[in-house]
Amino acid sequence: MTTPDAVPLSGPRFQTEPARLYREMRCDHGAVVPVLLDGGIPAWLVLGYRELHQVTGDPVLFSRDSDLWNQWENIPADWPLLPMIGHKQPSILYTVGERHRQRAAMISNALEEVDPFELRAHAERFADELIDALCSAGEADLVAQYAMLLPVRVLARLYGFPDEDGPGLVTALNDMIDGRERALAGQAHLAASMAQLLADRRKEPAADVVSRMLADDSGFSDEEIAQDLMVMMAAGHQPTADWIGNSLRLMLTDDRFAASLFGGRNSVAEAMNEVLWEDTPTQNVAGRWAARDTHLGGRRVKAGDLLLLGLQGANSDPQVRTDASALTGGNNAHFSFGHGEHRCPFPAQEIAEVIARTGIEVVLDRLPDIDLAVPAESLTRRPSPWLRGLSGLPVRFSPVPAR
């Protein structure tokens, strides 16, 4: 399936000007773009809104079963994208059919029982602790010192981890997501912590997510549940942290949201929704695999071809966003949580939204005169075509005492 004009899915433009890059890709190639992954591995990037709806809405033709991939013989054991495109992974990400539906129901049922008032209270408590640690300095990096530390603390509490385990889990998960020299150690710490929590809850159930998953009668093994918990924690932490960071950046740099910085609250939700359309934390996702030869967006897709879900590209498809300068308001028909039976479960979306909104509101309440400490154009993004988040958000404010 390699085409001579395939676009490498790498390079600084995914960091510096993704919107323009996606426009150029769409102009040159249409809604389905031939791309090359690390090592020259071919794939398709689906940028069209309608085409992405078709792919995510047909789990039989466009399967989540990575065993179908026609490139496995070309993938080396140390391929850097293996953690993202798993092979023989016993998690919900690669389960299909009725077993996937049972698994998704187990997770949704466990998350639905989370009390929204307790969730908000946990998020406020941890957010206040993080603000207490920086508020007297008059300056801070709200990504490194705040957004990257908050979601996993809340999720760990919901799972049933004791609060003292929280900081270690934060470090392990961020190491794993960074994908550098400490990534494997972080993954090992997270796996060992999860296995210990499962063993503890087998002996002594409690009112937490892990106990509710263990009580499910669908017959999933502890290893499967542990894998799902790790997937849920990773998927719930980094995108939520980036949702906080990207929303705060928007509110600090865009006059349309200035009212929120001076006591208004209506536009916090509006800014968060704007980010999901225009600057979504999860830009591209791997993926789906064609179960048979087919056609999509004018392209001939062969059995076993990998299709990457271009969430941000589809969100900015000019056929659905005819006026990209207009605020999205309450329109939430974006792809930022996915679509179809493999989308982010609704209870998980609600949990992420409560954590992100609470995190933003605590910043605005505690640091009312907050402002950027650097020119807006100097803010940089982490170099990734997959996740879009700030590498830092330096701010200044009047020092205030810890509570």
J.: Would you call Leu367 and Leu134 a side-chain contact if the rule is heavy atoms closer than 4.5 Å?
T.: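 In contact.
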J.: Report the residues that fulfil ring pair (Phe, Tyr, Trp, His ring centres under 6.0 Å) with Trp72, sequence neighbours left out, ordered by chain and then residue number.
T.: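 Trp72 satisfies ring pair (Phe, Tyr, Trp, His ring centres under 6.0 Å) with Trp69, His87 once adjacent residues are dropped.
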J.: Can you tell me how far the CG atom of Leu364 sits from the CD1 atom of Ile370, to the nearest 0.5 Å?
T.: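 Leu364 CG to Ile370 CD1: 7.0 Å, rounded to 0.5 Å.
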J.: With a 3.5 Å distance limit and no angle check, can you tell me whether Asn315 reaches the backbone of His334 through a side-chain donor-acceptor pair?
T.: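 Pair absent, no side-chain N/O of Asn315 close to backbone of His334.
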J.: Hey, are the side chains of Leu379 and Pro394 touching, using non-hydrogen atoms and a 4.5 Å cut-off?
T.: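 Of all side-chain heavy-atom pairs linking Pro394 with Leu379, at least one is under 4.5 Å.
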J.: Are the side chains of Val7 and Met25 in touch, meaning some heavy atoms are under 4.5 Å apart?
T.: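 Counting from C-beta outward, Val7 and Met25 do come under 4.5 Å.
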J.: With side-chain contact (heavy atoms from CB on, under 4.5 Å) as the criterion, how do Phe335 and Thr282 come out once you've worked through the C-alpha distance, each side chain's angles and the decisive distance to 0.1 Å?
T.: CA-CA 10 Å; Phe335 275 105; Thr282 305; over 6 Å; no
J.: Centres of the Phe346 and Phe337 rings: under 6.0 Å?
T.: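 No.
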J.: Grab the two heavy atoms, one from Cys135 and one from Phe397, that are nearest each other, plus how far apart they are.
T.: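 Between these two residues, the closest heavy atoms are O-CE1, 3.4 Å.
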J.: Taking only residues two or more places apart in sequence or in another chain, which ones pass side chain to side chain donor-acceptor pair (under 3.5 Å) with Arg299?
T.: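 Side chain to side chain donor-acceptor pair (under 3.5 Å) check on Arg299 returns nothing, list empty.
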J.: Does Val154 offer a backbone N or O that forms a donor-acceptor pair with the side chain of His122 under 3.5 Å?
T.: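 Judged by distance alone, no pair lies under 3.5 Å.
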J.: How long is the span from the OG atom in Ser211 to the CZ atom in Arg202, to the nearest 0.5 Å?
T.: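 If we round to the nearest 0.5 Å, Ser211:OG and Arg202:CZ are 10.0 Å apart.
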J.: Would you call Arg249 and Asp254 a salt bridge, using N to O less than 4.0 angstrom?
T.: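 Here Arg249 does not pair with Asp254 in a salt bridge, since their nearest N and O are not under 4.0 Å apart.
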J.: Kindly check if the number of other-residue, nucleotide or ligand heavy atoms within 6.0 Å of CD (Glu204) is above 12?
T.: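 Result for CD/Glu204: open.
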J.: Going through the distances and angles, do Gln71 and Asn74 end up as a side chain to side chain donor-acceptor pair (under 3.5 Å)?
T.: CA-CA 5 Å; Gln71 293 295 317; Asn74 300 319; 2.8 Å; yes
J.: Would you compute the distance between atom CZ of Arg23 and atom CG of Asp317 and round it to the nearest 0.5 angstrom?
T.: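 Answer rounded to 0.5 Å: 12.5 Å.
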J.: A quick test of your reading: do over 12 heavy atoms of other residues, nucleotides or ligands sit less than 6.0 Å from CZ of Arg343?
T.: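 Yes, enclosed.
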J.: Quick check: does any side chain N or O of Gln312 sit under 3.5 Å from a backbone N or O of Trp277, one acting as donor and the other as acceptor?
T.: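 Such a contact is found between Gln312 side chain and Trp277 backbone.
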J.: Kindly state each residue pair satisfying ring-ring contact (aromatic ring centres under 6.0 Å, His included) with at least one member in residues 13-41, sequence neighbours excluded.
T.: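 Sorted result for residues 13-41: empty, none.
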J.: Grab the two heavy atoms, one from Leu308 and one from Ala286, that are nearest each other, plus how far apart they are.
T.: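 Leu308 and Ala286 have their closest heavy atoms at CD2-CB, 3.6 Å.
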J.: Do side-chain atoms of Ser218 reach the backbone of Phe220 as a donor and acceptor pair under 3.5 angstrom?
T.: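 No; judged by distance alone, with no hydrogens or angles, the pair does not exist.
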J.: If you count every heavy atom of other residues, nucleotides or ligands that lies below 6.0 Å from Glu353 atom CD, does the total exceed 12?
T.: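 Check fails, neighbour count at 12 or below.
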J.: For the pair Asp228 and Arg103, find out whether any cationic side-chain nitrogen is under 4.0 Å from an anionic carboxylate oxygen.
T.: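 Salt bridge: yes.
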J.: Can you list the steps and then say if Asp369 with Arg396 is a salt bridge (Lys or Arg N to Asp or Glu O under 4.0 Å)?
T.: CA-CA 8 Å; Asp369 63 348; Arg396 57 174 174 256; over 6 Å; no
J.: Quick test of your reading of the model: are Arg13 and Glu24 salt-bridged, counting only N-O distances below 4.0 Å?
T.: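 Yes, charged N to carboxylate O under 4.0 Å.
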J.: Taking Glu224 for the side chain and Ser221 for the main chain, is one N or O donor matched with an acceptor at less than 3.5 Å?
T.: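 It does hold such a pair.
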J.: State, without any angle test, whether Asp305 and Asn70 hold a side-chain donor-acceptor pair at a distance under 3.5 Å.
T.: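 Yes - a donor-acceptor pair under 3.5 Å links their side chains.
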J.: Does a side-chain N-to-carboxylate-O contact under 4.0 Å join Asp242 and Arg388?
T.: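 The answer is no: the pair does not qualify as a salt bridge.
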J.: Before you tell me yes or no, could you show the steps for Asp200 and Gln196 under side chain to side chain donor-acceptor pair (under 3.5 Å), namely the whole-Å CA-CA distance, both residues' side-chain angles and the distance that decides it to 0.1 Å?
T.: CA-CA 6 Å; Asp200 292 345; Gln196 183 60 55; 2.9 Å; yes
J.: Write down the atom of Thr280, the atom of Gln283, and the distance for their closest heavy-atom approach.
T.: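 So the minimum-distance heavy-atom pair works out to O-NE2, 3.0 Å.
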J.: Does a side-chain heavy-atom distance below 4.5 Å link Pro318 with Arg26?
T.: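 A side-chain contact exists here, since the closest heavy-atom pair is under 4.5 Å.
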J.: Would the number of heavy atoms belonging to other residues, nucleotides or ligands and lying under 6.0 Å from CD of Glu139 be above 12?
T.: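 No.
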J.: Could you tell me whether a side-chain N or O of Ser316 sits under 3.5 Å from a main-chain N or O of Gly313, the two making a donor and an acceptor?
T.: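 Checked: pair present.
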J.: So, Asn273 and Glu270: side-chain donor and acceptor under 3.5 Å apart, yes or no?
T.: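 Looking only at side-chain atoms, Glu270 and Asn273 do not form any donor-acceptor pair under 3.5 Å.
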J.: Side chains of Asp38 and Trp79: closer than 4.5 Å at any heavy-atom pair?
T.: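 Contact flag for Asp38/Trp79 side chains = yes.
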J.: How long is the straight-line distance from CG of Leu52 back to CZ of Arg288, given to the nearest 0.5 Å?
T.: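 Between Arg288 CZ and Leu52 CG, I get 8.5 Å after rounding to 0.5 Å.
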J.: How far does CG of Leu390 sit from CG of Asp141, to the nearest 0.5 angstrom?
T.: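 Rounded to the nearest 0.5 Å, the CG-CG separation comes out at 9.0 Å.
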J.: Provide the closest heavy-atom pair for Val60 versus Ala291 in the form atom of the first, atom of the second, distance.
T.: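 So the minimum-distance heavy-atom pair works out to O-CB, 3.3 Å.
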J.: Do Arg120 and Thr358 have a side chain donor and acceptor closer than 3.5 Å?
T.: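 A pair is found: one side chain offers a donor N or O, the other an acceptor, under 3.5 Å apart.
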J.: Please report the C-alpha distance between Gln15 and Arg382 in whole Å, then the side-chain angles of each, then the deciding distance to 0.1 Å, and finally whether the side chain to side chain donor-acceptor pair (under 3.5 Å) criterion is met.
T.: CA-CA 7 Å; Gln15 181 182 8; Arg382 294 192 310 276; over 6 Å; no
J.: Carefully, step by step, assess Leu158 and Leu119 under the rule side-chain contact (heavy atoms from CB on, under 4.5 Å).
T.: CA-CA 8 Å; Leu158 298 180; Leu119 170 61; 3.8 Å; yes
J.: Under 4.0 Å between a Lys/Arg side-chain N and an Asp/Glu carboxylate O for Arg153 and Asp163?
T.: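 Salt bridge: no.
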J.: Any carboxylate oxygen within less than 4.0 angstrom of a Lys/Arg side-chain nitrogen, looking at Asp279 and Arg381?
T.: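 Looking at Arg381 together with Asp279, the answer is yes, because their closest N to O distance falls below 4.0 Å.
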